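See below for the structure under consideration.
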Amino acid sequence: MADDLMIAVKPEIAEHARVTAAQREAMVAEATADPDAFWAKEAQRIAWMQAPSIIKNTSFTGDVSIKWFEDGVLNASVSCLDRHLATRGDQVAILWEGDDPSTDAKVTYRQLHERVCKLANAMRGMGVAKGDRVCIYMPMIVEAAVAMLACARVGAVHSIVFGGFSPDSLASRIQDSECVMLITADEGRRGGRKVPLKANADEALKACPSISNVIVAKNTGGAVAMQAGRDHWWADACDAQPAECAPEPMNAEDPLFILYTSGSTGKPKGVLHTTGGYMVWASFTHENVFDYRPGEMYWCTADVGWVTGHTYIVYGPLANGATTLMFEGVPSWPDNGRFWQVVAKHKVNIFYTAPTAIRALMRDGEGPVKKHDRSSLRILGSVGEPINPEAWLWYYRVVGDERCPIVDTWWQTETGGILISPLPGAVGQKPGSATLPLPGVLPALVDNEGTLLEGATEGNLVILDSWPGQMRTVYGDHERFIQTYFSTFPGKYFTGDGARRDADGYWWITGRVDDVINVAGHRMGTAEVESALVAHASVAEAAVVGMPHDIKGQGIYAYVTLIAGVEPTDALRKELVAWVRKEIGPIATPDAIQWAPGLPKTRSGKIMRRILRKIAANETEGLGDTSTLADPSVVTDLIDNRVG
Ligand code: 6R9
């Protein structure tokens, strides 16, 4: 454990920090003692049509009700656009860097405002109204951000589906929230390849009667089918629209977006975020965690299909008037120096990426990093999964030349924004630790019985009270919200993560303690992969677990029982891998498939995943108690036939 390696805040950073150690202490004290006063003040960082007078009204018990700023009225797009026009209308809002290194584009706040208003007018013209759900299935192009903000403008609730998801995954998300419109593009580009978004969408829409209009951005110019009456080219829909559009007045607790995320059981759930609290949290965390200063070039490498893209490419930076860099490509194309080439090209000051990318780039050594000028970098961030100390130190030493603090930011789709992270000018860092909670965030550890644990120890990570950015419900299923997050440890928000707190009170996230796996920073429910596998005609039963993976953090290990009479062949293994990719999307590609004549089950028929996880990790020494198994001999067979 690297508990002892503490990298203190450098004096030159502390001196100019937005938040110093003493100021952080004061913020923590005030946010804890008087949340109403603290958040009433912080609420002023966004634009209100009517300022809130009621601040916090939340309960983690009974029906679980979370309301912040409940009598406030606002429109999120005004905070991100209109209010900047007078002061920084000609500043670049979005700097787009294409997959092809010879392409980029600059969009100023004024231009972005105009593009958003035109699309918003087009949407209204097609009947989209406040409260309607609109699905966005887009590549990383400026139009993705325009679509989000146009939804916000008219009060529609966006539901972004990551462009790497399959037609089936897209369809089930559209169906769950009954979206009335889909915004997509002809094709996406990634690493020199094309992604057939419109073709996927056409496939999905066969099963989505709720969609009456599709707006298609022309990106690659590739040929696509357009269905008359339903499909509209973006330019045709928007070009003739007025450049102004009145923002819909939204209550602070009106929904801003839904984002589907994986859990332990069942289908992905629609995490619902509302307007006021989310916007305050996005702005507050973006400014303080990244120590953001006006005029800086800020780059978050996530995709807008994930929550990190929502909060830290679009809403947080734009609310704060930043220039946000939007990158269409991948770190390894045309070569593995791409990140650093972009940093040098655009003089990036703040850089936020995922441990899986760091680990992949580490393999190629320092050469590709050192080739490019990184002297503009000031702050480095990490998100998505635990960062191992080795990767942390490489990021710190090689990428940041030991100059730039690293903010390891722990949070979730459900939390809306960062909850545990150093403030770079205030909190010394320990490689591998997310360090300390932000002001107003009250993490705690409980044992499996729910007893609060004190001092330096390890346990289940819970949050004791609400913060403004917290999700409000599961779309259409409040009972599932209560069940998933507030029933395991009643009265507390359960994160699904395990964590350790060291003697300095620093937090070390140890990973999921539920049946969620984290593959290259992407959340995947083992149940989803299992249900895709058993949907194949040859599969009788499947159990999926995470296995350690050098680059991706975790890989997908599947145990598959075939129906009687089907031969386990290499060809079938390949077919099943392709099947899961088609059913869910490439991010769900199994890394290993083991034929399992039987699965270890208790006498009551429960699969003992603990044993399957150990076998997948090749830790077959300490399998623990197997005496409760219905048939202990299946374990021997699984160990003997382990894959990899
Ligand atoms: C923002 C995001 C959430 C899960 C979360 C945890 C893991 C995210 C982390 C981290 C350790 C960090 N996670 N950040 N673990 N250190 N800095 O990733 O949201 O896709 O919902 O995933 O990711 O396990 O519970 P999401």
Side-chain angles (χ1 to χ4, degrees), residues 160-162 164-165 257-264 268-273 278 281-282 285-286 289-290 300-313 315-316 352-359 380-389 391-392 395 406-422 427 429-438 441 443 460-463 469-471 474 484-485 488 493-501 506-526 528 546 552-554 587:
I160 307 190
V161 177
F162 173 57
F165 277 123
F257 68 84
I258 299 167
L259 183 56
Y260 286 85
T261 194
S262 299
S264 287
K269 44 187 177 291
V271 168
L272 185 103
H273 282 287
Y278 173 81
W281 198 253
T285 53
H286 172 262
V289 171
F290 299 106
C300 165
T301 70
D303 189 287
V304 291
W306 309 113
V307 74
T308 306
H310 285 60
T311 310
Y312 298 111
I313 294 178
Y315 289 112
Y352 190 30
T353 196
T356 186
I358 302 294
R359 286 193 298 264
L380 301 175
S382 172
V383 62
E385 54 178 313
I387 180 164
N388 46 313
W392 196 103
Y395 197 21
I406 294 185
V407 290
D408 174 5
T409 62
W410 175 84
W411 60 294
Q412 313 177 294
T413 305
E414 294 88 338
T415 70
I418 298 163
L419 293 198
I420 305 181
S421 167
V427 177
Q429 296 129 67
K430 299 186 186 193
S433 168
T435 77
L436 301 176
L438 298 189
V441 175
N460 300 300
L461 179 63
V462 297
I463 313 287
Q470 183 170 24
M471 76 181 282
V474 170
T484 308
Y485 302 105
T488 319
Y493 168 76
F494 179 39
T495 63
D497 279 326
R500 186 165 65 82
R501 186 176 45 216
Y506 273 46
W507 295 81
W508 301 71
I509 311 301
T510 51
R512 301 290 302 197
V513 294
D514 53 10
D515 289 321
V516 170
I517 52 184
N518 192 324
V519 183
H522 302 321
R523 257 167 89 163
M524 186 60 45
T526 52
E528 286 169 71
K552 297 195 277 188
Q554 282 190 302
I587 58 167

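Side chains are part of it too, since the values below use all heavy atoms of this structure and drop only hydrogens, waters and symmetry mates. Start at 1 and go down the list; that is how both ligands and their atoms are numbered. Heads up: numbering here begins at 1 and tracks the sequence. Bear in mind that the values here come from a model prediction, so they are computed numbers and not experimental data.
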Among all protein heavy atoms in this structure, tell me which lies nearest to [atom], with the distance rounded to 0.1 Å.
atom	answer
atom 6 (C) of ligand 1	Asp497 OD2, 3.1 Å
atom 11 (C) of ligand 1	Pro386 N, 3.1 Å
atom 7 (C) of ligand 1	Gly384 O, 3.4 Å
atom 2 (C) of ligand 1	Trp411 O, 3.7 Å
atom 20 (O) of ligand 1	Arg523 CD, 3.6 Å
atom 16 (N) of ligand 1	Glu385 O, 3.4 Å

Need the ligand 1 atom indices (1-based, order shown) with element for anything under 4.0 Å from a heavy-atom of [X].
X	result
Asp408	12 (C), 16 (N), 17 (N)
Val383	1 (C)
Ile509	11 (C), 15 (N)
Thr409	9 (C), 12 (C), 14 (N), 17 (N)

* Asked: Under the side chain to side chain donor-acceptor pair (under 3.5 Å) criterion, do Tyr260 and Thr413 qualify, and how do the steps go?
  -> CA-CA 9 Å; Tyr260 286 85; Thr413 305; over 6 Å; no
Over 60° means perpendicular and under 30° means parallel, so tell me whether [X] and [Y] are parallel, tilted or perpendicular.
X	Y	result
Phe162	Phe165	perpendicular
Phe257	His273	tilted
His522	Trp306	parallel

Ignoring hydrogens and angles, tell me if any N or O in the side chain of [X] forms a donor-acceptor pair with the backbone of [Y] under 3.5 Å.
X	Y	value
Asp408	Pro431	no
Tyr506	Arg500	no
His310	Gly305	no

Consider every N or O of [X] and every N or O of ligand 1, then say whether any pair is closer than 3.5 Å.
X	answer
Thr413	yes
Gln412	yes
Thr308	no
Ser382	no

* Does the side chain of Pro443 come within less than 4.5 Å of Leu419's, by heavy atoms? ->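 They are not in contact (no side-chain heavy atoms under 4.5 Å apart), so the answer is no.
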* **Option among Trp411, Trp410, Tyr312 that satisfies the side-chain contact (heavy atoms from CB on, under 4.5 Å) test with Val383** =>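 Filter result, single survivor: Trp411.
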* Asked: Can you tell me if Trp306 has a non-hydrogen atom under 4.0 Å from ligand 1?
  ->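 Judged by the 4.0 Å heavy-atom criterion, Trp306 does not count as contacting ligand 1.
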* Hey, does Gly496 sit under 4.0 Å from ligand 1 if you only count heavy atoms? ->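 Checking ligand 1 against Gly496, which is what was asked, there is no heavy-atom contact under 4.0 Å.
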* Rounded to the nearest 0.5 Å, how far does CD of Gln412 lie from CG of Asp497? ->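 Those atoms lie 5.5 Å apart.
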* **Straight-line distance of Ile420 CD1 to Trp507 CH2, nearest 0.5 Å** =>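 If we round to the nearest 0.5 Å, Ile420:CD1 and Trp507:CH2 are 6.0 Å apart.
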* ligand 1 versus Val307, non-hydrogen atoms closer than 4.0 Å: side chain, backbone, both, neither? ->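 Near ligand 1, Val307 shows its side chain, while the N, CA, C and O stay back.
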* Under 4.0 Å, heavy atoms only, figure out whether ligand 1 is touched by the backbone of Asn518, its side chain, both or neither. =>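 Only the side chain of Asn518 comes within reach of ligand 1.
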